[in-house]
Amino acid sequence: MREISKQFDFKEREDAIYKLWEGSSFFNPDNIKSTKKYCNVLPPPNANGELHLGHASGYTVMDIFGRFERMQGKKVLLLPGKDHAGIQTQVVFERKLKAEQGISRHEMGREKFYQACYDFCMDRSQYMRAQEKKIGISADWSREKFTLDPAGLKIALETFVQMYKDGLVYKGHRIINWCSRCGTALADVEVEHKEQAGKLYYIKYPVKDSKEFLTVATTRPETMLGDTAVAVNPKDKRFLSFIGQNLILPLQNREIPVIADRRIDMEFGTGAVKITPAHDPLDWQIGKDHKLEEISVIDEKAKITANGGEYEGFDVLGARAKIVVDLQTLGFLEKEESLANNVSVCERCKTVIEPLISNQWFVKVDDEKISLKKQALELIKSGKVEIYPENFKKILIQWFSNLQDWCISRQIWWGPQFPVWYREKSKVESRKSKVNGEQEIYVGLEKPKGDGWVQDENTFDTWFSSSQWPYSTLGYPNGKDAKNFYPTDAMITGRDLLFFWAARMLMMGSYRTDKTPFKNLYFTGLVRDKDGQKFSKSKGNGIDPMDIINKFGADALRLSLVMDIAPGQDSRLSEEKIEGFRNFVTKLWNIFRYCTQADENFALVEKISKKDLKTLSDNWIVCELEETTRNVTEFMKDKNISLAQDTLRKFTWDSFADWYVEIHKLEKNTKVLGYVLDKILKLWHPFTPFVTEEIYQQMFDGRKMLMMAQWPKNPKKCIDTKVQIDFADLQELIAKIRNIRSSYHIDPVNLIEGFGKKKIEKEIIERLARVKIETGKGVKAKMIQVATRKRALQLNIAKSIDMEKELISIDKEIVNLENLIAKNEGMLKNKNFVAGAPKEILEATKTRIGEYMDKLQIQKELKKNLKAI
RNA sequence: GGGCAAUUAGCUCAAUGGCUAGAGCAUCUCGAUUACACCGAGAGGGUUAUAGGUUCGAGUCCUAUAUUGCCCACCA
């Protein structure tokens, strides 16, 4: 007999098992013979750090579905990759440069910086790849991609060129979000809003040729340097006489008009708003509509420009302080009020955003001819993409409906440059080139022929390329993978990337390929700590998934990340929880250990026939197995991992380990044991691939691989209700005896002698309830009766019975049953119920009443007998 | 300001409109039993946030309310 340790030695075995899978080459779908396919292009993590629990959680879900589909006999492609993650990587790498070499990127120079950043990403990718393997993900590493790989990048840039031709991208002088630290424009979605205690300043603007003032309220007095109007609501009676008059802008001594605009809130501040078109998004809109001048007074370093007169060179906060003092000195400051207001900050570095006017590239999301947002909405509304959880549909629909043009140009160095070239108009003219003001512009993948062309220095928003990930990785349109696997089957991503990524993949996929990029869109929630806090480095509450794997094993980690969890809902993770799942893995291991020790001929059994089922227990466990298989398969198809696992766990631990295995010690039907374990291993494999594969390897001495085994067939007609009811009756009897044992504190040495009726599973009851049964008849003194619908015993317990206690408990049960019967009979008396309820429910109700009646009868008899003693 | 969720046992969470609302952890009691003490047996613990409604039937659907969390937004 082989020696098997008491626990699965995951530390020793996980890497070896992974190598076995990898070496089998079945991660690569080309090596699987099948006509059915499943493809999940995995979301690329940012290649600038390490894996965190969020990644681990997503990967676990992806791998569970991937393995499930592979066991359905499909060619499964899980395509891994990494994202260059533009701004984030640049921020991380700049910090690293500063810390390690004490230099800035400017000191390094653009080209050198780019190369160093690239090397850094490659290094991190390698590290992260090793971590991904630790989690057990069955991805095809031979196809691994990086967003800057030339082939994929070419596809992404082609899309840009095509969009340019279609008029869906344009370069425009518009107000954008500017991060002065990163030195780049940002998309709206990359801006975070934080509530902050601020001040509202009331400033008096004198009316020209008058002694009157118009008071405006602002949180940013420094922007007044660029004011070109004051606006009031046309319905606001207080200001009717001011409209059309001119004001003298304090400090700048410029004349500015009072204009009327519906968008002004009469309730807020004084009802009069200073308009700074160059530094506020709404003001910019109003400025456009009223054809106001745009005066930039804040530059890209967040300093006051020459337009700011004597304040030139001050930073924003410095200028604000000085302006407030100056206004006060000159008597223009009416008052200050405290105010909680929203401050916009850079999503990546948390620097305050300066809205300013800049020349940037934009994606037109709602063009008349080709509306990207309408196309995406169509995918969602038509159900071409199924969304899990379903309510995220609503969120997406609402977001798309309000979507503004998307700024895609960044002034950072790390990322692909725009495929756009300019040259002075005076030089040679080309037919292909469009003339744009003083410059010629050429948009195309290659630098045009001729001299003097200079490439646009802008780099792409990282989401521009990653939003094309599902097809750029597959070599769209002509690549073999694109033809085989596109549209992909699944996209599984964190709900925090809903807008950044998921929404944009729908837009870009629909535009470029005319298809949905994926048929199913599944969101995971955030993993939080046991107190519900977000994991973060600054809080120091981070859990490294690798530490967990070392301590509890990858299977335990996987279970703890997906069990008891609903899609899109945040979840909490604690060590205690993981420990619980580690215990389950040990349980699974020990079931295997028992099997091999119980019978030296033990083997996993693929199929059995009815003849092999000898006893009630055999029939019952196979019945349960079939029901479990059917339910688990259905749950998996519904993408309900949590319920699938819950169902499986109940079957494995409660039904199989606690009942069937115990009974097997007596009945020894090893064939059934081998049959059920075989199925348990297969059903668990997607969730806990390591331990199940290890058991399978040991059972087959390496001749077969569980990863490639067939998922157990979903039986059509699988439930034998009679068997299930009968076994449940036996369980009930045993439970009742156990209950008595517990309440009378009967020592296990002091077995209860029971006098049983015939046809009772004597040995099973003796073993599981720890009683000694003598078949006989007659009720003796001190006897207590236990009975179920089908079985009855009299127990001759050593201690005297607490009559009162027994009677109370029986009476309680009688009342309970009577209530239930009354309730169910009430239902049957209700004409509406009889007319309205489906047949099965009606039948079930009737059956239930019968059961309750039987039980009631038993209780009444017990009571009678008890009193007779 | 708008939207989305959540609210179920001490804690973390399940539950297809239909069986006496279930698990795990924690608590209490018992147990060295020829797989597992990372185990087994038993027990206690619930007005499913509140108030209405729809329905033969509601934890589940609808409407309010409360609390919490998240997202979006141009309150200067």
Side-chain angles (χ1 to χ4, degrees), chain A residues 4 6-7 188-189 193 200 216-220 223 231 263-265 267-270 272-276 280-286 339 341-342 355 389 391-392 394-395 398-399 402 495-496 498-499 526 530 532 552 563-566 568-574 576-577 579-598 634 638 642-643 646 649-650 654 657-658 661-662 665 734-735 738-743 745-748 767-770 816-817 819-820 823-824 827 830-838 840-842 844-845 847-848 851-852:
Chain A
I4 296 169
K6 286 189 176 184
Q7 285 106 33
D188 293 341
V189 77
H193 302 277
L200 190 59
V216 299
T218 181
T219 52
R220 301 198 58 195
T223 60
R263 286 164 284 194
I264 304 304
D265 180 0
E267 308 294 317
F268 191 87
T270 62
V273 185
K274 56 188 269 326
I275 300 297
T276 322
D280 182 276
L282 178 62
D283 290 5
W284 184 77
Q285 273 299 337
I286 292 175
L339 175 82
N341 72 322
N342 275 328
N391 64 285
F392 276 45
K394 270 193 268 178
I395 303 176
Q398 200 206 338
W399 187 79
N402 299 326
R495 61 141 236 257
D496 50 326
L498 184 65
F499 305 131
L526 263 51
K530 66 174 191 295
F552 300 107
M563 190 115 179
D564 289 344
I565 284 165
Q569 288 293 327
D570 292 356
S571 61
R572 297 183 185 195
L573 189 69
S574 59
E576 296 80 60
K577 189 173 170 183
E579 206 177 295
F581 290 110
R582 187 270 323 265
N583 294 353
F584 173 77
V585 171
T586 305
K587 190 74 188 179
L588 205 54
W589 182 256
N590 275 288
I591 289 171
F592 156 64
R593 190 163 181 258
Y594 168 79
C595 290
T596 55
Q597 287 182 11
E634 287 304 309
D638 291 345
S642 203
L643 264 186
D646 193 46
R649 194 190 51 77
K650 278 186 181 133
D654 300 351
D658 288 345
V661 166
E662 287 307 316
K665 289 172 183 171
I734 292 169
R738 283 168 170 173
N739 191 313
I740 288 162
R741 157 181 303 290
S742 180
S743 53
H745 296 293
I746 295 161
D747 199 61
R767 181 172 183 95
L768 271 70
R770 300 198 67 72
N816 179 32
L817 287 164
N819 285 340
L820 286 168
K823 183 185 156 194
N824 282 280
M827 283 161 76
N830 185 332
K831 279 177 199 163
N832 292 325
F833 172 70
V834 178
E840 308 90 74
I841 299 295
L842 227 73
T845 308
T847 317
R848 218 179 300 144
E851 281 171 27
Y852 295 148

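Any value given below was found using the heavy atoms of this structure, including those in side chains, with hydrogens, waters and symmetry copies removed. Below, read A as the first sequence line, B as the second, and so on, with proteins coming before strands; counting in each chain starts at 1.
- Taking atom CG on A:Leu282 and atom P on B:G1, their separation rounds to 18 Å, with Å as the unit.
- Note: CG (A:Asn832) to C1' (B:U54) measures 14 Å, nearest angstrom.
- Nearest approach of A:Ala657 to A:Ile591, heavy atoms of both residues: CB-CD1, 3.9 Å.
- Comparing the P positions of B:G40 and B:U34 gives an interatomic distance of 15 Å, to the nearest angstrom.
- Judged by distance alone with a 3.5 Å cut-off, a donor-acceptor contact links the side chain of A:Glu662 to the base of B:A35.
- Between the side chain of A:Arg582 and the base of B:C38, at least one donor-acceptor pair of N or O atoms lies under 3.5 Å.
- Closest to the A:Ala657 side chain, of the nucleotides B:A35, B:G42, B:G3, is B:A35.
- At a threshold of 4.0 Å, the pair A:Glu851-A:Arg848 does not count as salt-bridged, since none of the basic side-chain nitrogens sits closer than that to a carboxylate oxygen.
- The CD1 atom of A:Ile4 sits 18 Å away from the P atom of B:U34 (whole-angstrom rounding).
- B:G44 and B:A49 are spaced 23 Å apart, taking the P atom of each and rounding to whole Å.
- Map A:Leu643 and A:Lys831 each onto its nearest nucleotide of RNA chain B; the residue landing nearer the 5' end is A:Leu643.
- Phosphate proximity of B:C70 to A:Arg495: absent, as no side-chain N or O sits under 4.0 Å from OP1 or OP2.
- Counting to the nearest Å, the C1' atom of B:C38 and the CZ atom of A:Phe581 are 14 Å from each other.
- The interatomic distance linking A:Gln597 (CD) with B:C36 (P) rounds to 7 Å, in whole Å.
- In this structure, A:Gly836 and A:Arg649 both approach RNA chain B, and ranking their closest nucleotides by distance from the 5' end singles out A:Arg649.
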RNA chain B in dot-bracket form (Watson-Crick or G-U pairs under 3.5 Å, [ ] crossing, | inter-strand) is (((((((..((((....[...)))).(((((.......))))).....(((((..]....))))))))))))....
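- For A:Lys665 against B:A35, a side-chain N or O and a base N or O form a donor-acceptor pair under 3.5 Å.
- Computed from coordinates, the A:Leu526 CG to B:A6 P distance equals 16 Å when rounded to whole Å.
- Atom C1' of nucleotide B:A14 and atom CD1 of A:Ile565 are separated by 12 Å, given to the nearest angstrom.
- Contact annotation: A:His193 reaches the phosphate of B:A73 (side-chain N/O to OP1 or OP2, under 4.0 Å).
- The phosphate of B:C74 has neither OP1 nor OP2 within less than 4.0 Å of any side-chain N or O from A:Arg263.
- For A:Tyr594, whose side chain is taken as the heavy atoms from C-beta onward, the closest listed nucleotide among B:G42, B:A35, B:C36 is B:A35.
- Between A:Arg848 and the phosphate of B:U20, there is a side-chain N or O to OP1/OP2 separation shorter than 4.0 Å.
- Among all heavy-atom pairs drawn from A:Arg495 and A:Phe392, the shortest one is CB-CE2, 3.5 Å.
- Scanning both residues, A:Thr276 and A:Asp283, for their nearest heavy atoms gives N-OD2, 2.8 Å.
- One cannot find a donor-acceptor pair under 3.5 Å joining the base of B:C4 and the side-chain atoms of A:Lys394.
- Between the side chain of A:Arg767 and the base of B:U33 there is no donor-acceptor pair of N/O atoms closer than 3.5 Å.
- Contact between the side-chain N/O atoms of A:Lys6 and the OP1/OP2 oxygens of B:C39 is not found at any separation under 4.0 Å.
- The minimum heavy-atom distance linking A:Gly269 with A:Ala217 is given by the pair CA-CB, 4.0 Å.
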